[in-house]
Q: 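Here it is: the structure, laid out below.
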Amino acid sequence: MITNPTRQRSLRGHKASRPSPRVANTAEHQAMLAWRLTPRDKWIIRMLWEHRVLTSHQVTALAFPSFRSGRMRLRELWTWGVVDRFQPFVTVGTAPMHYVLAPAGATVLAAEDDRDVKEMGYRHDRAFAVAHSLRLAHTVGVNEWFTALVERARYREPGEDVALTAWWSETRCARHFGDLVRPDGYGRWQHGDRQIEWFLEYDFGTEALAKLAGKLSGYAALAQATGITTPLLVWLPTSKREAAARRVLARAWRELDEPYRVPVATAAAELLNPETPHPSPADEVWLPLDHAADHARRRKLSTLLDTWPHIAPPSDNGGTSNGPTSPVSMPPPYPMPPGTSKPSRR
């Protein structure tokens, strides 16, 4: 849950599961998948390839009407070898199943894009390696952050015109901007005729704040190199951590040659109300760094640009305006599931 993410130190290996029969990935099986997989199944495959790992709760929030229907379909996809799964052992409670892309799913994805599995860079051992990664909790936390935005858009109020229109993974961001910055994600939110894009720094409370502040120079260099000003959103676990981070970030921000090129806003997970139907980063939790915390009100994600009038609106190219999609990599999937109407243009 976005308001109470699982910390890495709470994970203790992985629970063994009982062996169950699965279908072999043969040519006949691939032919069967051609008529059994739905557009939603294929979209889930692409999301797993882009974001490495999604929990059962996240997949349900992204694409299914209920947890039961999502669990049943994920079990079928696992039986067909389209997805793989593991369940981390946690010190308190029970962790949800975590899903990654399996060989049959990679074959379907490569065939749809007229590629070879090796050409797309898939290897089963690498896909499953996230189960043993010391950054597993961080990766799941970042994906939960974006999933909350998708869920918020899926269950929008009548007449509301909102959607998450772009969501790039840390891997894709590193491929495009890694020589200067390595954000935890890139996103774009549309609310009616308003659009905002951003880079995300997701703080779990374990990184030294000085290291976090040191990243601002990289974002300044990126803005100078591209001529594009993209806001940086810093998400922290608690208000106390946010207050400390704002002090350190403000010092580093003021030392930049052109601070206005790096607009920064912060928010804390504990500011979200877990009692509301779909708490998300779209809520009124953001505080621009150049505003004093004692005198400024928190803003919704969609209204943050009101505080930065010098920022040009994002270009309407379906992705970040900071750079083209690499011809070698697959394009990022549209974050909203199939069947979701896109926001109207006004």
Q: Give me the atom names and distance for the closest heavy-atom approach of Val53 to His98.
A: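 Heavy atoms of Val53 and His98 come nearest at CG2-CB, 3.8 Å.
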Q: Run the salt-bridge test on Glu160 and Arg152 with the 4.0 Å N-O cut-off and return the result as yes or no.
A: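 Salt bridge between Glu160 and Arg152, a charged N being under 4.0 Å from a carboxylate O: yes.
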Q: Is there a side-chain contact (heavy atoms from CB on, under 4.5 Å) between Leu48 and Val100? Walk through the geometry before answering.
A: CA-CA 6 Å; Leu48 287 174; Val100 299; 5.7 Å; no
Q: Can you tell me how far the CG atom of Leu249 sits from the CG atom of Leu212, to the nearest 0.5 Å?
A: 5.0 Å
Q: Specify whether Phe199 and Tyr219 have parallel, tilted or perpendicular ring planes, treating 30° as the upper limit for parallel and 60° as the lower limit for perpendicular.
A: tilted
Q: Quick check for you: to the nearest 0.5 Å, what is the distance between Ile311 atom CD1 and Ile228 atom CD1?
A: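 Answer rounded to 0.5 Å: 12.0 Å.
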Q: Give a yes or no on this: more than 12 heavy atoms of other residues, nucleotides or ligands lie within 6.0 Å of atom CD of Glu258.
A: yes
Q: Going by side chain to side chain donor-acceptor pair (under 3.5 Å), name the residues that satisfy it together with Glu284, two or more places apart in sequence or in a different chain.
A: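 Residues passing side chain to side chain donor-acceptor pair (under 3.5 Å) with Glu284: none at all.
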Q: Could you state the interatomic distance from CD (Gln195) to CH2 (Trp189), rounded to the nearest 0.5 Å?
A: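 If we round to the nearest 0.5 Å, Gln195:CD and Trp189:CH2 are 12.0 Å apart.
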Q: Show the nearest heavy-atom pair for residues Trp308 and Ala265, with the distance to one decimal.
A: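 Taking Trp308 first and Ala265 second, the nearest heavy atoms are CH2-CB, 3.8 Å.
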Q: Between His138 and Tyr202, is there a donor-acceptor pair closer than 3.5 Å when you use the side chain of the first and the backbone of the second?
A: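 Yes; judged by distance alone, with no hydrogens or angles, the pair exists.
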Q: Can a donor-acceptor pair be found between the side chains of Glu242 and Thr266 at a distance below 3.5 Å?
A: yes
Q: So, Arg298 side chain and Val285 main chain: donor-acceptor pair closer than 3.5 Å or not?
A: yes
Q: Can you see whether Gln58 engages Glu144 through a side-chain donor-acceptor pair at a distance of less than 3.5 angstrom?
A: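 Yes, because at least one side-chain N or O of Gln58 sits under 3.5 Å from a partner of the opposite role on Glu144.
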Q: Are any side-chain N or O atoms of Glu50 and backbone N or O atoms of Met47, one a donor and one an acceptor, separated by less than 3.5 Å?
A: no
Q: Is it true that a side-chain atom of Asp113 and a backbone atom of Arg115 form a donor plus acceptor pair closer than 3.5 Å?
A: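 No, the answer is negative, given that no donor and acceptor are paired below the 3.5 Å cut-off.
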Q: Could you walk me through whether Glu112 and Arg46 pass the salt bridge (charged side-chain N to carboxylate O under 4.0 Å, His left out) test, one step at a time?
A: CA-CA 11 Å; Glu112 276 203 328; Arg46 289 190 179 274; 3.3 Å; yes
Q: Would you mind checking if Lys211 and Glu201 are paired as a salt bridge, meaning a charged N to carboxylate O distance below 4.0 Å?
A: no
Q: Quick one: do the Glu270 and Ser239 side chains pair a donor with an acceptor below 3.5 Å?
A: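 Looking only at side-chain atoms, Ser239 and Glu270 do form a donor-acceptor pair, the distance falling under 3.5 Å.
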Q: Do any N or O atoms from the side chain of Arg188 and from the backbone of Pro314 form a donor-acceptor pair under 3.5 angstrom?
A: no
Q: Taking side chain to side chain donor-acceptor pair (under 3.5 Å) as the definition, give me every residue that meets it alongside Asp41, ordered by chain and number, with sequence neighbours left out.
A: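 Asp41: side chain to side chain donor-acceptor pair (under 3.5 Å) contacts with Thr38, Arg73.
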Q: Out of curiosity, Arg85 CZ to Thr55 OG1, how far, rounded to the nearest 0.5 Å?
A: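 Arg85 atom CZ to Thr55 atom OG1 measures 14.0 Å (nearest 0.5 Å).
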Q: Considering all heavy atoms of both residues, which atom of Val83 and which atom of Leu74 are nearest to each other, and what is their separation?
A: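 That would be CG2-O, 4.1 Å.
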Q: When rounded to the nearest 0.5 angstrom, what is the spacing between CG in Leu222 and OG in Ser217?
A: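 Taking CG in Leu222 and OG in Ser217, the distance rounds to 11.5 Å.
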Q: Checking side-chain contact (heavy atoms from CB on, under 4.5 Å) for the pair Ser56/Phe67: CA distance, chi angles, key distance, verdict?
A: CA-CA 8 Å; Ser56 55; Phe67 182 73; 3.8 Å; yes
Q: Is the side chain of His29 donor-acceptor paired with the backbone N or O of Trp80 at a distance under 3.5 Å, no angle test?
A: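 Yes, the answer is positive, given that a donor and an acceptor are paired below the 3.5 Å cut-off.
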Q: Ring of Trp286, cation from Arg299 - is the NZ or CZ under 6.0 Å from the centre and inside 45° of the axis?
A: no
Q: Should Arg194 and Asp306 count as an ion pair when the cut-off is N to O under 4.0 Å?
A: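 Salt bridge: yes.
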Q: Check the angle between the aromatic planes of His132 and Phe128 and answer parallel, tilted or perpendicular using the 30° and 60° thresholds.
A: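 Plane angle between 30° and 60°, so tilted.
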Q: Should the pair Arg154-Glu151 be classified as a salt bridge under the 4.0 Å nitrogen-to-oxygen rule?
A: no
Q: Provide the closest heavy-atom pair for Cys173 versus Gly185 in the form atom of the first, atom of the second, distance.
A: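 Shortest heavy-atom separation between Cys173 and Gly185 comes out as SG-C, 3.8 Å.
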Q: Run the salt-bridge test on Arg241 and Asp203 with the 4.0 Å N-O cut-off and return the result as yes or no.
A: yes
Q: Between Lys118 and Asp116, is there a side-chain N and carboxylate O pair less than 4.0 Å apart?
A: no
Q: Would you check if Trp167 and Asn143 make a side-chain contact, meaning some heavy-atom pair closer than 4.5 Å?
A: yes
Q: Step by step, work out the side-chain contact (heavy atoms from CB on, under 4.5 Å) result for Asp84 and Trp78.
A: CA-CA 6 Å; Asp84 255 326; Trp78 176 81; 3.9 Å; yes
Q: Applying the salt bridge (charged side-chain N to carboxylate O under 4.0 Å, His left out) criterion to Glu170, which one of Arg182, Arg52, Arg135, Arg175 satisfies it?
A: Arg135
Q: Using the six-membered ring wherever Trp is involved, compare the ring planes of Trp145 and Trp198 and label them parallel, tilted or perpendicular (cut-offs 30° and 60°).
A: perpendicular
Q: Would you say Trp43's side chain and Tyr334's backbone share a donor-acceptor pair under 3.5 angstrom?
A: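 Such a contact is found between Trp43 side chain and Tyr334 backbone.
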Q: Answer yes if Leu62 and Met72 sit in the same cluster of Ile, Leu, Val, Met, Phe, Trp and Tyr residues linked by side chain heavy atoms under 4.5 Å apart, and no otherwise.
A: no
Q: side-chain contact (heavy atoms from CB on, under 4.5 Å) between Asp193 and Asp161: does it pass, once the steps are laid out?
A: CA-CA 9 Å; Asp193 57 355; Asp161 200 17; over 6 Å; no
Q: Report, as yes or no, whether the 6.0 Å neighbourhood of atom CE on Met32 holds more than 12 heavy atoms from other residues, nucleotides or ligands.
A: yes
Q: So which heavy atom on Ala61 is nearest to which on Thr147, and how close?
A: CB-CG2, 3.8 Å
Q: So, the side chain of His310 versus the backbone of Tyr260: is there a donor-acceptor pair under 3.5 Å, distance only?
A: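 Judged by distance alone, yes, a pair lies under 3.5 Å.
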Q: Hey, could you give me the OH/CG distance between Tyr99 and Leu101, rounded to the nearest 0.5 Å?
A: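 Atom-to-atom, Tyr99:OH and Leu101:CG are 14.0 Å apart.
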Q: For Val262, does its backbone N or O pair with a side-chain atom of Trp253 as donor and acceptor, under 3.5 Å?
A: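 It does hold such a pair.
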Q: Locate the shortest heavy-atom distance separating Val150 from Pro337; write the atom from each residue and the value.
A: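 That closest heavy-atom pairing would be CG1-CD, 4.2 Å.
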Q: In terms of the angle between their ring planes, are Trp168 and His176 parallel, tilted or perpendicular, with boundaries placed at 30° and 60°?
A: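 If you compare the ring of Trp168 with that of His176, the planes turn out tilted.
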